[in-house]
Amino acid sequence: MTSLLHTCEPPSLRLRFSLHRRSRLGGRTATPSHVSLPPRSRRLAAARAAMTTASDELGKGIAEFYDESSGLWESIWGDHMHHGFYEAGAPATITGHRAAQIRMVEEALRFAVVSDDPLKKPKRIVDVGCGIGGSSRYLAKKYGAKCEGITLSPVQAKRAQALATAEGLEDQVSFQVADALKQPFPDGQFDLVWSMESGEHMPDKTKFVGELARVAAPGATIIIVTWCHRDLSPSEESLQPNELNLLNKICNAYYLPAWCSASDYVKIAQSLSLEDIKTADWSENVAPFWPAVIRSALTWQGFTSLLRSGWKTIRGALAMPLMIEGYNKKLIKFAIIACRKPM
Ligand code: SAH
């Protein structure tokens, strides 16, 4: 599978990470490792350990990006940091965006056939790449389940926990800084394994899905909703140079490693003997999202908050039209991959 993913790795990948070489260990990204705030030395050790498997530079970049930008996102868009799911072709309204984000969660659950039956519904959930915990709290409430969220961003973990406490969910959900590629959980813990728009950040997709499968309990559902590139045609060995060029620019802005396709994910899931593997292309359903984010950035509140937020966030905002271009060119695909761990 490494060689499979290698075919979609732009040659400049390693070079790109050298752009983000500035180390901030000892700074914000290396401080709290768990929001229950153990002593500083333990927090530092855990945060360092969390960075060892996600390529160090990429992991630091991701942590810094979300440390810096999550507050702005939350103030305008709320606690779900992912696309909304819209009726294909229907116009999107500003007030409808929040509902569309919730719908994304519901559509993902429906697609994966997660049961509402009190006897079958998930009781232990992991939210891999949890942001500020929008999905974690929603799923914990919906199913009356326990949910554990992991993120690389200490700021996100702390904010996610504060929101959980404010909602009276502190006994049900918890958050920590940890690497999805080396999760701090024993094998077979969770009956719903959830990754909403974090897979695109993972530098090793095989290891990523392998970890999702490892922490899944027998019979558990695994849901990955993620940015992919288009499937390659049988005659292609890689994307076209102009396509790689566009993806490279997006990678630089959003701290992403090489992309893969939805069929690459399916092949990984098959290689891990996962069952009931299903995938769908929801690109049409998310089409109104990026234009709406751009419009929100162009309001007075959006614009002034953006200027105050910092360079990484501004660079992310400047890259938003590139996402639209990628979707329009049918290069970027918004994909869901769902499967089940064998009993
Ligand atoms: N799932 C959330 C947030 C999506 S933003 C939501 O839908 O609201 C992407 C998230 O992935 C961020 O929280 C980021 O910290 C996390 N992430 C990226 N790479 C990660 C890694 N290697 N380990 C853990 N979390 C990671």
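FYI, side chains are in, hydrogens and waters are out, and symmetry mates aren't considered; it's all heavy atoms of this structure. Whatever order the structure lists ligands and atoms in, that order sets their numbers, starting from 1.
Considering Gly133, Gly134, Gly129 only, the shortest heavy-atom separation from atom 3 (C) of ligand 1 involves Gly129. Among Cys130, Ser135, Ala180, Ser153, the residue whose heavy atom sits closest to atom 23 (N) of ligand 1 is Ala180.
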N/O donor to acceptor pairs below 3.5 angstrom from side-chain atoms of residues 214-221, sequence neighbours left out:
| residue | atom | partner | partner atom | Å |
| --- | --- | --- | --- | --- |
| Arg214 | NE | Glu211 | OE1 | 2.6 |
| Arg214 | NH1 | Phe185 | O | 2.8 |
| Arg214 | NH1 | Asp187 | OD1 | 2.8 |
| Arg214 | NH2 | Gln183 | O | 3.2 |
| Arg214 | NH2 | Phe185 | O | 3.0 |
| Arg214 | NH2 | Glu211 | OE2 | 3.0 |
| Thr221 | OG1 | Arg340 | NH1 | 2.9 |

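You'll find the side chain of Phe190 stays beyond 4.5 Å of the side chain of Ile125, heavy atoms only.
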Problem - Step-by-step side-chain contact (heavy atoms from CB on, under 4.5 Å) determination, Arg159 to Asp79 - result: CA-CA 10 Å; Arg159 181 66 185 148; Asp79 63 344; over 6 Å; no

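Residue contact check: Met196 has heavy atoms under 4.0 Å from atoms 1 (N), 2 (C), 4 (C), 7 (O) of ligand 1. Close approach of ligand 1 to Glu197 (heavy-atom distance below 4.0 Å) involves ligand atoms 4 (C), 5 (S), 9 (C). Distances below 4.0 Å separate heavy atoms of Gly131 from the following atoms of ligand 1: 2 (C), 3 (C), 13 (O). Ligand 1 places these atoms under 4.0 Å from at least one heavy atom of Asp179: 21 (C), 22 (N), 23 (N). The Ala178 neighbourhood of ligand 1 comprises atoms 23 (N), 24 (C), with distances under 4.0 Å to a heavy atom of that residue.
Not a single N or O atom of Asp127, backbone or side chain, sits closer than 3.5 Å to an N or O atom of ligand 1.
Residue-level proximity to ligand 1 for Met81 is carried by backbone and side chain together, each with a heavy atom below 4.0 angstrom. Contacts with ligand 1 closer than 4.0 Å are made by side-chain heavy atoms of Ile62 only, the backbone lying farther away.
Of the charged side-chain nitrogens involved, none lies within less than 4.0 Å of a carboxylate oxygen, so that Glu200 and Lys205 do not count as a salt-bridged pair.
Figure legend: Lys123 and Tyr143 shown without cation-pi pairing, the cationic atom not lying both under 6.0 angstrom from the six-membered ring centre and within 45 degrees of its axis.
Under the 4.5 Å side-chain heavy-atom criterion for ILVMFWY residues, no single connected hydrophobic cluster contains both Val113 and Met343. Both Trp227 and Leu318 sit in one connected hydrophobic cluster of ILVMFWY residues. Membership requires side-chain heavy atoms under 4.5 Å apart, directly or through other members.
Residue contact check for ligand 1: Leu181 places no non-hydrogen atom closer than 4.0 Å to it.
Taking the six-membered ring for Trp and the full ring otherwise, Phe334 and His83 have centroids separated by under 6.0 Å.
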